[in-house]
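Structure first, then comments.
Numbering of residues begins at 1 and proceeds along the displayed sequence.
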Amino acid sequence: MHKGKIRIKPEGRPQTELELEIHERPFQLQRPRIAFAMYHNEDYLPGYLDRRSKELTERIYQDMVDHGQTAATFYSGGDFSQLPPKRCHMIETQLPLAKKVGLVDPNIACMLLGGDMTSLGDEKTRVAVAWMQDECKRRGWPELLQYAADEPVHPNPPLRARYGPLRDLSVRIVTAMSINAFFGFGDIHDVCVVLGGQITPQMHLEAERLGVELHTYSYATWRFYFSPLRQRFYAGIHTWAHRLKGNWIWGYYDTRVHSHVWFKDGDDRPMPTTAWENRREGIDDYRYLQMLEDCIAANPDDPEAVEAANWLEALRSRVLDADPHIDYAYRVPVNEVTHPLPLEEFDLIRTRAAGYIQRFGPVPESRIQWPRVTHLKDEAKSLRNRSVEDCLAELASPDGTRRRAAA
């Protein structure tokens, strides 16, 4: 334990003195094996900045690394009707720099929001997808998830007509959506990024049945009431408790609504808000819990591992219904159960998790299996293009798989 003080002396104001304790632990936190990322459209950066300069891009990506992020969004994908895309900021600048600073990992997918590989016609689309996937593999870049229509409203027949036929493509389709859209369109999206607070046990069951990967996103934990602690809870313990594969949040910088960083006039260094700092703390909470789960899995018969597993399950049950979001209409917390944990409990959770990790020793990363990448199941494939009569007949099948295909 290292103890000290922080003294803050603003000009013309009294000095503030804070007691400081730093607890140094004898192990290093391992990188999360899921996506933590910010929606970041460089067009929203302050106008005086050279928004696409390599220096600024690298500085921003380094800031994301410093705040625990493991993935990125790319709004500058270019025109995939010609290969390689000409003057493509993502390929020429963003992906190389994101890899250089350690923001991206070949095992954690990123989002491609600008530059659509899937609307070029069948043959050109397949060529573009194959070219981009080969390029990512050759350069050690992450998988790029193709972003579909943002936050779709159900019903929407044109959306199904547009994305339904893409099931046979090897590229995975992703978008942000509500719970209604998930149950209406989950079967045409490989990765469903569901609005925070709307994840349910039934959704997990449906996602598993469909082969869908569940992530979450938010645009409200920082927009109203500016609660840093809600950011910490949402990023870490909330994501862990729901066993999600990603946590995305709007936005890195957005002059119109809110930002997680700010820039001094004439300065291109991103400065953190308390929300940005707390998001990093939440990701560190996740890393402690991830490491402890690895220890438990590696020592299944150890009585102390069983004790740790029971403690984690009790924690998960207690926080699963806690929603860090708010009622958007009234700009206030929905009710008492939505409040995250009190500040002191975050440290207690970390301390107990660290004690177990020290007892077992961290599991070497070389022994850890990365999560399996799932692909959307095409349930209707066996009966697609068959007659209505054939489908009606199969509705009486004793095989539930055939009945679902027919429906």
Mind checking whether Arg279 and Asn247 have side chains closer than 4.5 Å, heavy atoms only? yes

Given side chains that start at C-beta, do those of Leu195 and Met177 come closer than 4.5 Å, heavy atoms only? no

In this structure, is the centre-to-centre distance between the rings of [Y] and [X] below 6.0 Å?
{"X": "Phe185", "Y": "His154", "answer": "yes"}
{"X": "Phe36", "Y": "Tyr286", "answer": "yes"}
{"X": "Trp262", "Y": "Tyr253", "answer": "no"}

Taking [X] for the side chain and [Y] for the main chain, is one N or O donor matched with an acceptor at less than 3.5 Å?
{"X": "Ser397", "Y": "Arg402", "result": "no"}
{"X": "Gln290", "Y": "Arg31", "result": "yes"}
{"X": "Gln69", "Y": "Val104", "result": "no"}
{"X": "Thr73", "Y": "His40", "result": "yes"}
{"X": "Glu42", "Y": "Arg51", "result": "no"}

How about Arg269: does its CZ atom have over 12 heavy atoms from other parts shown lying under 6.0 Å from it? no

Look at atom CD of Gln369 and say whether more than 12 heavy atoms of other residues, nucleotides or ligands are closer to it than 6.0 Å. no

Walk me through it: do Arg33 and Asp294 pass the test salt bridge (charged side-chain N to carboxylate O under 4.0 Å, His left out)? CA-CA 12 Å; Arg33 295 192 294 275; Asp294 292 339; 2.8 Å; yes

